[in-house]
Amino acid sequence: MPSDTLPLALDEGTDAAPRVILGPRAVVLRGFAVVQGADLVAAIGAVAGVSPFRHMVVPGGWKMSVALTNCGKAGWVTDRTGYRYDAIDPETGRRWPPVPRAFAELAAEAAQAAEFAGFHPDACLVNRYAPGARLSLHQDRNERDFDQPIVSVSLGLPAIFLWGGQTRSDRVRRIPLFHGDVVVWGGPDRLTFHGVHTLAEGEHPLTGAYRYNFTFRRAL
Ligand code: MD3
Ligand code: FE
């Protein structure tokens, strides 16, 4: 058929999520989780029904502006004594709830899409941001095995992700993350400094005035 009769935009008809390359082994899969969005938000509700969101205290004594909970074998916790992974929720005195099926399936699909074989997460940290909440620049180094990647899923209100370098003073890029975006980081990018800029006000049809982010890790 003559090219001037081709319907516009159908020549890109693949179902692959568009990718933004952040580093040699760090990639944003735009919209990878949009279809499952409502199921994932419902699953967060189920997790929080067992282990509620709470604002933990960091070793310096400040309360985090981000609220968090966990699911899976191990959960990330902080208190005056430091950061660690723990099988018990300090607030309930019981194990963290199991990883919802929709979470686990998504984590496996995303790791595969980013070409990480043998990803066997045992921890899933769920963060909740209200407008004004932020996460200052940090590295994730409380995990035992830095050879396994981290898979992160963003839901609800958009945020500006801060992507730095291997040292705190390296320049920082700002990457917007939207509802349904999935990011996978591993290899040489696993210890990159990163953070989340102060969340702006907004309203999302599935999450209201919140942004959620859950991250799968191999912690133990
Ligand atoms: C890059 N959470 O919980 S997810 C965290 O949106 C955390 O809630 C942010 O940083 C959030 O630790 C960003 C992305 C993320 C998580 C871990 C990483 C990016 C990472 C580890 C290494 C490099
Ligand atoms: Fe982090």
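Just so you know, ligand 1 is whichever comes first in the structure, and atom 1 is the first atom listed for that ligand. Numbering of residues begins at 1 and proceeds along the displayed sequence.
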- Note on the structure: re atom 21 (C) of ligand 1, the protein heavy-atom contact at minimum distance is His194 CE1, 3.4 Å
- Task: Give the numbers and elements of all ligand 1 atoms closer than 4.0 Å to a heavy atom of Arg217.
- Result: 3 (O), 5 (C), 12 (O)
- Just how far is it from atom CZ of Phe216 to atom SG of Cys71, taken to the nearest 0.5 Å? 6.0 Å
- After noting the C-alpha distance and the side-chain angles of Asp89 and Arg54, does the key distance pass the salt bridge (Lys or Arg N to Asp or Glu O under 4.0 Å) rule? CA-CA 11 Å; Asp89 176 349; Arg54 80 292 305 261; 2.8 Å; yes
- Query: What's the shortest distance from atom 7 (C) of ligand 1 to any protein heavy atom, and which residue and atom give it?
  - Reply: Leu135 CD2, 3.5 Å
- Query: Under 3.5 Å, is there a donor-acceptor pair linking the side chains of Ser51 and Glu91?
  - Reply: no
- Message: Are the side chains of Arg30 and Asp181 in contact, using a 4.5 Å heavy-atom criterion?
- Response: yes
- Message: Return the CG to CD distance between Asp39 and Glu105, rounded to the nearest 0.5 Å.
- Response: 10.0 Å
- Should you measure from each heavy atom of Val196, which atoms of ligand 1 turn up under 4.0 Å away? 6 (O), 9 (C), 11 (C)
- Looking only at protein heavy atoms, which one is nearest to atom 3 (O) of ligand 1, and how far off is it? Asn127 ND2, 3.0 Å
- Task: Could you check whether the rings of Phe214 and Phe103 sit parallel, tilted or perpendicular, using 30° and 60° as the cut-offs?
- Result: parallel
- Query: In the protein, which heavy atom is nearest to atom 12 (O) of ligand 1, and how far is it?
  - Reply: Asp140 OD2, 2.9 Å
- Item | Region of Phe193 engaging ligand 1 - heavy atom pairs below 4.0 Å | neither
- Can you get from Val27 to Leu106 by hopping between Ile, Leu, Val, Met, Phe, Trp and Tyr side chains that sit under 4.5 Å apart? yes
- Answer side chain, backbone, both or neither: which part of His138 comes under 4.0 Å from ligand 1, heavy atoms only. side chain
- Note the single closest protein heavy atom to atom 4 (S) of ligand 1, along with its residue, its atom name and the distance in Å. Asn213 OD1, 3.4 Å
- Item | Sub-4.0 Å atoms of ligand 1 with respect to non-hydrogen atoms of Ser152 | 4 (S), 14 (C)
- Under 4.0 Å from ligand 1, counting heavy atoms only, is it the side chain of Phe161, its backbone, both or neither? side chain
- Task: Return the name of the atom in His138, of element N, O or S, nearest to the Fe ion (ligand 2).
- Result: NE2
- Would you mind checking which non-hydrogen protein atom is closest to atom 14 (C) of ligand 1, with the distance to 0.1 Å? Trp185 CZ2, 3.1 Å
- What atoms in ligand 1 come closer than 4.0 Å to a heavy atom of Arg190? 21 (C), 22 (C), 23 (C)
- Can Tyr129 be said to touch ligand 1, with heavy atoms closer than 4.0 Å? yes
- To the Fe ion (ligand 2), the closest N, O or S atom belonging to Asp140 is OD1
- Measure the acute angle between the ring planes of Trp185 and His194, then classify it against the limits of 30° and 60° as parallel, tilted or perpendicular. parallel
- Message: Under 3.5 Å, is there a donor on one side chain and an acceptor on the other for Trp76 and Asn142?
- Response: yes
- Would you please say whether a donor-acceptor pair under 3.5 Å links the side chains of Arg217 and Tyr85? yes
- Message: Closer than 4.0 Å to some heavy atom of Arg211 - which atoms of ligand 1 meet that?
- Response: 6 (O), 8 (O), 11 (C)
- Query: Hey, what do you get for CG (Asn213) to CG (Leu177), rounding to the nearest 0.5 Å?
  - Reply: 8.0 Å
- Heavy-atom contacts with Leu125 under 4.0 Å: which atoms of ligand 1 show up? List them by number with element. 3 (O)
